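Chain letters run A, B, ... following the sequence lines, proteins first and then strands; every chain starts at 1. Bear in mind the structure is a predicted one, so any value in this text is a computation, not a measurement.
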Amino acid sequence: MSCAVFSCILIGLGVSCHLSYLPAFMGTINVSDLQTDMELASDVKNMNDQLLFPVGTRINEKHLRTLKAWGIVEVDVVGVSREDVTQRAIAALDPEILAAAEAHVVPLFRYTDRRHPLISELFRLCVLRKARASFHEKSRKN
Amino acid sequence: MSEAEEIKINLRRGIRHAFLEGAYHSHLELLNLLASLGNAQMSIRESMDSSRILNITRSYIARLIHFRVTGFIITDEHDLSFTPTDCMPASNQLFLQKIVNHQIEAGTFAWALKQSRAVTIHNKPDNNLVVFHVMATRSRVLGMFVGVLEQEDSSGADVPLNLLSIILTNTAYTLENLSLYKKLNDYNQNLEKLVEQKTSQLAKANEELIKTKKLESVGVLAGGIAHDFNNMLTVILGNISLAKKSINSKQRSFNRLTNAEKACWRASSLTQQLLTFSKGGMPVTQIISISEIIKEAVSLALSGSHLRCEPGIPNNLAFVEVDESQIHQVLINLILNARQAMSNTGTLKIWAETITLAPKNTISLKEGPYVRICVQDEGVGIPEEHLQTIFDPFFTTKPSQSGLGLAVSYSIIKKHNGHITVESKPGTGTTFSIYLPAKQASADQLPIRKKTTGKSPAIGKQRILIMDDEEPVRILAVDMLADLGHEPEAAKDGEEAVKKFKIAKAKGKSFHLVIMDLTVAGGMGGKEAMRKLLKIDSNVKAIVSSGYSNDPILSDFKKFGFKGMLTKPHQISDLNEAVNRVLSTT
Amino acid sequence: MKKAGKTDPQKLICESGVVPSLPIIYARINKAVNDPTSSMTSIGEIISKDMGLSARLLRMANSAFYNFPSRIDTISQAVIVIGIEQIRDLALGTSVIELFEGIPRHLVSMESFWRHSMTCGLTARMLAVHRREINVERYFVAGLLHDIGRLIIYMKIPGQASEALSRCKTTGEFLYQAEREIMGFHHAEVGGALMQYWKLPATLTEAVAFHHHPLDSNHSSVDASTIHVADIIANAMELGSSGERCIPSLVPEAWEQLGLSTSVLEPTLNEVDRQFHDIIEVFLEPVSKLLP
């Protein structure tokens, strides 16, 4: 069911995605589960935002070692699916939840200057965080 | 106090003393060490080599902590992989590598990478105590330091470990500086190269500009001279042709006059060259068959030499729309060059053909039919490095030449939407090929090329007004027209012409034809006068005359109300023809 | 502007009533750490003598707080991995909670208070990590103790504390502004005074004392700025509260002093969330056992 919802949202975003392909789209896996010959579905960057491997890289032994050395925990790989990617995506996209979250967060920031870059970024993240939390609560109740 | 007590106290004091001293000394040591950290930075300029920096770092660390084995694992700048670079003692390289690999697998390496302090690890397989310390700046990880402690040393002295952080952070910044310095150096060198390139390009462009400017000023000067010269030539030619008419053709002086005429024509063609070059104007074109021009040019250019040439021209050669005199110029130029290259002996080949150019041809002309005229000599040839520049103005290998010939030719052909190419082999010969767009035309559209003719009485006596600011030209024209059987009158500028025209019209004796010079110094010229005349009489027939054969007004004379045009200098035959033509039109 | 019966922060600490003193174990550890002849093993032994502390430290060592890739089974291992100074600071943090009991429940929920303090500590620590500080546990402790002055206030002058709380509700001021209005000082200054009393290092003291106006600190404005920013973030995360109902306003220069980019905010929030859920019990357990 969630797949159908997700696909609707994806299509709503203008992402062309064949319904029949849905179950097997790209997803993240742990580096410990990563094996040689898998293909990266997105860029891998280290904690300094430097590019380690670009999208499309075919993993070999040396790559694995480098990933472990840098402490990369998860990578996006082609051909693997993961349920909670969809969950996260849905939570971020549901406008109702977002609106409620924002309404909740705004009064907290009443006496701060939301124009300051730090505060505005904090505000944005708090709204997302609240939205995710509300979503998890809702889904737990159901 | 007993002796024993005293000894005890002294001992205690001694121990404390020694302890203090020890601590004091080591503090001094450390302070000295810290003070000298800057030395690592100095080494950047001496050699752009990271191993020097690492060695200095190693020596600092050695003063702090005694490691059995030390190594630096440097992050590769391009693929960000970790490669063990330096191991001391070198014999332990494999041993260290094993430890590092094990810790990478275990995840402790990555964990230590994220800490900003020394991390002590028990390497389980062999029970070694290993210290990892990242070398990082705020923005970048440069590598990892690895040190294996002596087995017994698990001392609680934190101070050295904290200092390790200071040293290694300093090293990290030094390494980052080094890489930035290298990048900057490369960038600088590239920049220098680029600047050099651009400067030489600029110098060349400047040279070109100066050449062009020179050319322009020469051109302006030449144009002025040529104009006056042309007028004089007109007078000479005109007088000669008049003189010829009154002599029997069998007399010797007739030949002499003919020779003088020819010489004048040659002089005139020279001035035309100059005028073309100085004004660079549009050709006055007609659709013609080019074969006659080729033949004439050949005979003219080869006269007086031992060279013979029979131009190969097919009967069905396509027509071209060209300015006769300009093409003439070009051909003369090329043939003369060929003649000089062959120093009077050898075979000169000239031929013409109709060809079709494909859409993507190497000559970069539009596709379609063209007439190609080739001039091939067996001369000394042109070396390859000159081939690029022979069409440049003032390029010449012969000091006696002006170097204008090829440049002018090139410019003329270009203005005709054609192209000149050159092929040459030093020692074998050179071939110039002229491409001109071919034109469809029926035979009756072609102008009839007349030679010297006599009168053409068909029209009868006409009243003709001639306007020219040069008195000799005026007198000559009046003579010529009178000779042709007409009633000429002269005016010295546009104003006078208009006045005379008005008066004549008022008297009922309107002029049948007006011939006006285009350029009048210090007065109204032909163009403006024409406008005024048209207002007075919209049916007025006028011919525009000019020494600048390339004046756009000449090529587009109809637009300005004229019914015909004449280029100076003109022979009596040209004058006659033009007058007849215009007067016979309605 | 001082009302009758007002005191200054130092007097508040030193006056009547018992002020909690630092746990003895901390003093012992501190001594050992400062002694150049002691070793990691000897320090480990000192800690092991305190069962509660050992247990807590081991749980911390094995939590998301350190995220160490393999299990740490013994204190001596923990000391090696975590570092000596760091262990000392961590010991201080984990033992301070036990010092405060018997505070009137209507003023503040202890659990909520410690949750907020913990969040601030974790955030301050993360900010220090991003700044590549060598000893980040120091910031954890400073964040953990940043509002400790409030507890003192609630303990010693509950009446004025209550007044300040109600004043906030009507005027919409920040609680610390109301405190200053009513008492002549605010909780940060009290906290600083307490830490001075405990003879803790000046950097720690000033970080706490000036966390609402960090630029006034003479020596440690960076530390104070870290706590200042961490407090703001912690309040925004709504993990507990120490009395403020809204997020305090930011002193822009404090953020600039840290020299960080706003892009560190997202990973910081994520890490703090992770660590918080992993170790909050480690801190609260003994206390929550006592709660009715």
Checklist entry - Around B:Gln201, counting heavy atoms of other residues, nucleotides and ligands shown, do more than 12 lie under 6.0 Å from its CD? => result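 More than 12 heavy atoms, drawn from other residues, nucleotides or ligands, come within 6.0 Å of this atom.
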Is it the case that more than 12 heavy atoms not belonging to B:Leu194 sit under 6.0 Å from its CG atom?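 Yes, the 6.0 Å shell around CG holds more than 12 heavy atoms from other groups.
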| field | Among C:Leu260, C:Val81, C:Asn135, C:Val136, residue most engaged with chain B (heavy-atom pairs, under 4.5 Å) | value |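 Max contact count across the listed options: C:Val81.
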How long is the straight-line distance from [atom2] of [Y] back to [atom1] of [X], given to the nearest 0.5 Å?
X        : Y        : atom1 : atom2 : value
C:Ile82  : B:Thr120 : CD1   : OG1   : 11.5 Å
C:Ile134 : B:Ser116 : CD1   : OG    : 8.0 Å
B:His122 : C:Ser76  : NE2   : OG    : 8.5 Å

Contact summary for C:Pro69 and B:Ala106, nearest pair of heavy atoms: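 In this case the closest contact between C:Pro69 and B:Ala106 is CB-O, 3.0 Å.
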| field | Closest heavy-atom pair and its distance - B:Trp111, C:Asn67 | value |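 Reported closest heavy-atom pair: CD1-O, 3.3 Å.
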Q. Can you find a pair of side-chain heavy atoms, one from C:Glu133 and one from B:Arg117, that are under 4.5 Å apart?
A.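 No, too far: nothing below the 4.5 Å cut-off.
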Check your understanding: Heavy-atom distance under 4.5 Å to chain C: side chain of B:Thr169, backbone, both or neither?
Key ->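 No part of B:Thr169 comes within 4.5 Å of chain C.
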Verify side-chain contact (heavy atoms from CB on, under 4.5 Å) between B:Arg138 and C:Arg131, making sure each step is shown before the conclusion. CA-CA 7 Å; B:Arg138 275 286 186 89; C:Arg131 289 186 53 238; 3.6 Å; yes
ask   = Does the side-chain contact (heavy atoms from CB on, under 4.5 Å) test come out yes or no for C:Arg132 and B:Thr137, once each step is laid out?
value = CA-CA 8 Å; C:Arg132 292 226 157 251; B:Thr137 65; over 6 Å; no
